[in-house]
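Notes follow the structure.
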Amino acid sequence: MKLRKVTAASAVVLALAVSATACGSDKKDSGSSGGGGSKKIAVGIKFDQPGLGQKTPQGYSGFDVDVAKYIAKKLGYNEDQIEWKESKSADRETMLQRGDVEFIAATYSITPEREKKVDFAGPYLLAHQDVLLRADDSSIKSPADLNNKRLCSVTGSTSAQNVKEKLAPKANLQQYPTYSACLTGLQNKAIDALTTDDSILAGYASQAQFKGKFKLGGFKMTNENYGIGVKKGSDLKAKINKALEDMVADGSWEKAVKANFGPANYQYEQAPKIGDIKS
Ligand code: GLU
């Protein structure tokens, strides 16, 4: 993946209430093939990313959840026929390969490495890698400043890979299983920065309990083209591409980005065209 130069920096910490929980267990899977009737479809999402994929006592919410619901509907499944499964960054390819889920909508960047193992519909959102810092930290002003800092990212994410290979090879990279674990580390100063997509970081920064504590670097270090992961060779890819096109055309995409990214004031990019992957 080619990396774009830093063009602008901004520090935005918002104080809007988004409750976060990342616990609880899933219902047992009752099968995921076919459509309609009493059949279920198993769908992978994140459980701990406010604004994108979040499990709360009230249910599941976020942009990825809305995209997944829209797709499921087009495939013939109502909301109550969706079996939500947590697909952590490092587990996604395996879950698709094993058939644990029919598709994954989980801030899942399309990359050539992943395309060797799974197929992607989309893209349906363009995000950019950024950093989340403590609000009072003025020592990190550019990606190069991350060298020699304790940087947290999640195992199996492009963010961790990019840091190691390109962005800050001398950073002390700590890989945690989830972003919520990194967030705790940032809060109690076990780490200096959390790096992943700006879409995800904006969601964290805007949570009420973190009011005034964190800021985004605004570095726009990469292009992250979010795709819907499916099993390699699956005919779902074409059907999901059609559903994504419909979602943009009928205004549902715009409605979903506004509803889910509005609270975090995340400046989302326009809907990408299907197959238009930005390097
Ligand atoms: N979009 C990046 C990825 O797919 C980072 C976010 C994530 O880990 O889900 O790896």
Answer yes if the side chains of Y266 and D198 hold a donor-acceptor pair under 3.5 Å, and no otherwise. yes
Side-chain heavy-atom pair E224, S199 within 4.5 angstrom cut-off: no
Taking all heavy atoms of Y179 and all of S159, pick out the closest pair and write down the distance. OH-OG, 3.9 Å
Mind checking whether Y226 and V67 have side chains closer than 4.5 Å, heavy atoms only? no
Indicate yes or no: at least one non-hydrogen side-chain atom of N265 is less than 4.5 angstrom from one of S206. no
Could you walk me through whether K237 and N241 pass side-chain contact (heavy atoms from CB on, under 4.5 Å), step by step? CA-CA 6 Å; K237 175 177 169 169; N241 274 337; 4.1 Å; yes
Using side-chain heavy atoms (C-beta onward) and a distance below 4.5 Å, is E102 in contact with V43? no
Please check if the side chain of K220 supplies one atom and the backbone of A127 the other of a donor-acceptor pair under 3.5 Å. no
Should N260 and V65 be marked as a side-chain contact (heavy atoms from CB on, under 4.5 Å) after you check the CA-CA gap, both sets of side-chain angles, and the distance that decides it? CA-CA 10 Å; N260 291 296; V65 170; over 6 Å; no
Go through the side-chain N and O atoms of K166 and T222 and say whether any donor and acceptor fall under 3.5 Å apart. no
Would you call L146 and V163 a side-chain contact if the rule is heavy atoms closer than 4.5 Å? no
Answer with yes or no after comparing the ring centroid distance for Y204 and F210 against a 6.0 Å cut-off, counting only values under it. no
Measure the spacing between CG of D100 and NZ of K231 and express it to the nearest 0.5 Å. 9.0 Å
Distance-only, no hydrogens or angles: does the D119 side chain make a donor-acceptor pair with backbone N or O of G233 under 3.5 Å? yes
Closest non-hydrogen atom pair between V248 and A271, with its separation: CG2-CB, 3.9 Å
If every non-hydrogen atom of I104 is compared with every non-hydrogen atom of R92, which pair is closest and at what distance? CD1-O, 3.5 Å
Taking atom NZ of K273 as the centre, does the number of heavy atoms from other residues, nucleotides or ligands within less than 6.0 Å exceed 12? no
Shortest non-hydrogen contact from A205 toward L132: CB-CD1, 4.0 Å
Give a yes or no on this: more than 12 heavy atoms of other residues, nucleotides or ligands lie within 6.0 Å of atom CD of E79. no
Pick from K88, R98, R114: which one makes a salt bridge (Lys or Arg N to Asp or Glu O under 4.0 Å) with E93? R114
What do the steps show when you test H128 against N223 for side-chain contact (heavy atoms from CB on, under 4.5 Å), and what is the final call? CA-CA 5 Å; H128 308 281; N223 286 327; 3.0 Å; yes
Aromatic ring pairing F63/W253, orientation class (parallel under 30°, perpendicular over 60°, tilted between): perpendicular
Judged by atom type as modelled, is there a donor-acceptor pair below 3.5 Å linking the side chain of R134 to the main-chain atoms of L186? yes
Does the pair K46/D64 count as a salt bridge with the N-to-O cut at 4.0 Å? no
Would you say D145 and S139 make side-chain contact, with heavy atoms under 4.5 Å? no
If I take atom OG from residue S109 and atom CD from residue Q129, how far apart are they, to the nearest 0.5 angstrom? 9.0 Å
Same cluster or not: are Y268 and L126 linked, directly or through other Ile, Leu, Val, Met, Phe, Trp or Tyr residues, by side-chain heavy atoms under 4.5 angstrom apart? no
Step-by-step side-chain contact (heavy atoms from CB on, under 4.5 Å) determination, I191 to Y176: CA-CA 11 Å; I191 56 151; Y176 289 11; 4.0 Å; yes
So how far is it from L125 CG to N225 CG, rounded to the nearest 0.5 Å? 9.5 Å
Where S87 and A106 come nearest, the two heavy atoms and their spacing: OG-CB, 3.7 Å
Please round to the nearest 0.5 Å and tell me the distance separating atom CD1 of I240 and atom CE of M247. 12.5 Å
How many angstroms lie between atom CG of N162 and atom OG1 of T111, to the nearest 0.5 angstrom? 9.5 Å
Give the ring-plane orientation class for F120 versus Y108, where under 30° counts as parallel, over 60° as perpendicular and anything between as tilted. perpendicular
For Q49 and T107, work out which heavy atoms get closest and say how close. NE2-CG2, 3.2 Å
Consider side-chain contact (heavy atoms from CB on, under 4.5 Å). Of L194, D130, L52, which one does I200 pass it with? L52
Validation row: Y124, I71 side chains within 4.5 angstrom (heavy atoms): no
Please determine, by modelled atom types, if N78 and K73 share a side-chain donor-acceptor pair under 3.5 angstrom. yes
Measure the shortest side-chain to side-chain distance between I228 and L236 over non-hydrogen atoms and say whether it is less than 4.5 angstrom. no
Spacing of Q81 atom CD and L75 atom CG [to the nearest 0.5 Å]: 11.5 Å
Indicate whether any N or O donor in one side chain lies under 3.5 Å from an N or O acceptor in the other, for S89 and S157. no
Give a yes or no answer on whether the side chain of D48 reaches the backbone of S180 with a donor-acceptor pair at less than 3.5 Å. yes
